[in-house]
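Below: the structure, in structure tokens.
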Amino acid sequence: MIQRLQSGARMSQIVTYPANSRFVVISGQVPDDRTLDVPGQTADVLARVDRLLAEAGTDKSRITHAYIWLRDIADFDLMNSSWDKWVSPGNAPARACVEARIAAPEIRVEIQVFALADA
């Protein structure tokens with residue numbers, strides 16, 4: 001069972017889980033459509049994450065933590081406008097979000113998630 005402590009709607013400060021689950025790591029995902037604005041790119045990336053999690057036999061309710069990189073940290077609220085609609089209610093992961101140079105200038109957001117699946 002995943003336990004979330006000091007949880008809010010967006011993120012949890014602590015996420016613990018038992019050792020007998022299978023740990024799933026999704027590589028950093030970038031948008032397919034790089035012409036979209038930040039909320040659009042974020043939604044595009046999160047749709048990719050959903051597909052990859054399903055392929056691994058899990059879903060966003062089982063994400064333990066996420067890393068988010070933004071080309072410009074000023075886009076934090078724009079990114080969160082999509083993230084907050086997507087995150088599983090009551091299952092907010094531990095999360096970090098930082099500004100970083102990303103592989104291509106048209107990419108505004110990259111997201112990596114870690115989740116549990118049944119062993």
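With salt bridges taken as basic N to acidic carboxylate O contacts below 4.0 Å, none links Asp72 and Arg108.
Here the shortest heavy-atom pairing between Arg4 and Gly90 reads CD-O, 3.8 Å. Heavy-atom minimum distance, Val24 versus Ala117: CG2-CB, 3.9 Å. Ser82 and Leu46 get closest at one heavy-atom pair: O-CD1, 4.1 Å. What you find for Val25 and Gln112 is that their closest heavy atoms are CG1-NE2, 3.8 Å. For the residue pair Ser61 and Ser88, the shortest heavy atom distance occurs at CB-OG, 3.6 Å. Closest of all the heavy-atom pairs between Met79 and Cys97 is CE-SG, 3.8 Å.
Distance OG1/Thr64 to CG/Asn91: 11.5 Å, rounded to 0.5 Å. Rounded to the nearest 0.5 angstrom, Ile26 CD1 and Ile63 CD1 are separated by 8.5 Å.
Put simply, the side chain of Arg62 reaches to within 4.5 Å of the side chain of Asp118, judged on heavy atoms. With a 4.5 Å cut-off on side-chain heavy atoms, Arg10 and Asp84 count as touching. Taking the side chain as every heavy atom from C-beta outward, Leu78 and Leu70 never approach each other to under 4.5 Å. In this structure the side chain of Ile111 never reaches within 4.5 angstrom of the side chain of Tyr67, judged on heavy atoms. In this structure, the side chains of Asp50 and Lys60 come closer than 4.5 Å at one or more pairs of heavy atoms.
Between the side chain of Asp37 and the backbone N or O of Gly40, at least one donor-acceptor pair lies under 3.5 Å. Checking side-chain atoms of Ser12 against main-chain N and O of Ala92 turns up a donor-acceptor pair under 3.5 Å. Gln41 places a side-chain N or O within donor-acceptor distance of the main-chain N or O of Leu36, the cut-off being under 3.5 Å. The backbone N or O of Ala56 sits less than 3.5 Å from a side-chain atom of Arg22, completing a donor-acceptor pair. Under a 3.5 Å cut-off, the side chain of Arg95 and the backbone N or O of Ile68 do not form any donor-acceptor pair.
The hydrophobic cluster containing Val45 also contains Val87, counting ILVMFWY residues as joined when their side-chain heavy atoms lie under 4.5 angstrom apart, directly or transitively. Val38 and Trp86 fall within a single hydrophobic cluster, where Ile, Leu, Val, Met, Phe, Trp and Tyr are joined by side-chain heavy atoms under 4.5 Å apart, directly or via other members. Hydrophobic cluster membership is shared by Trp83 and Phe76, with clusters built from Ile, Leu, Val, Met, Phe, Trp and Tyr side chains linked at under 4.5 angstrom.
Using the six-membered ring where Trp is involved, Phe23 and His65 have ring planes that are parallel, under 30° apart on the 30 and 60° scheme.
Just one of Val49, Val30, Val109, Asp33 meets the side-chain contact (heavy atoms from CB on, under 4.5 Å) condition when paired with Asp44; it is Asp33.
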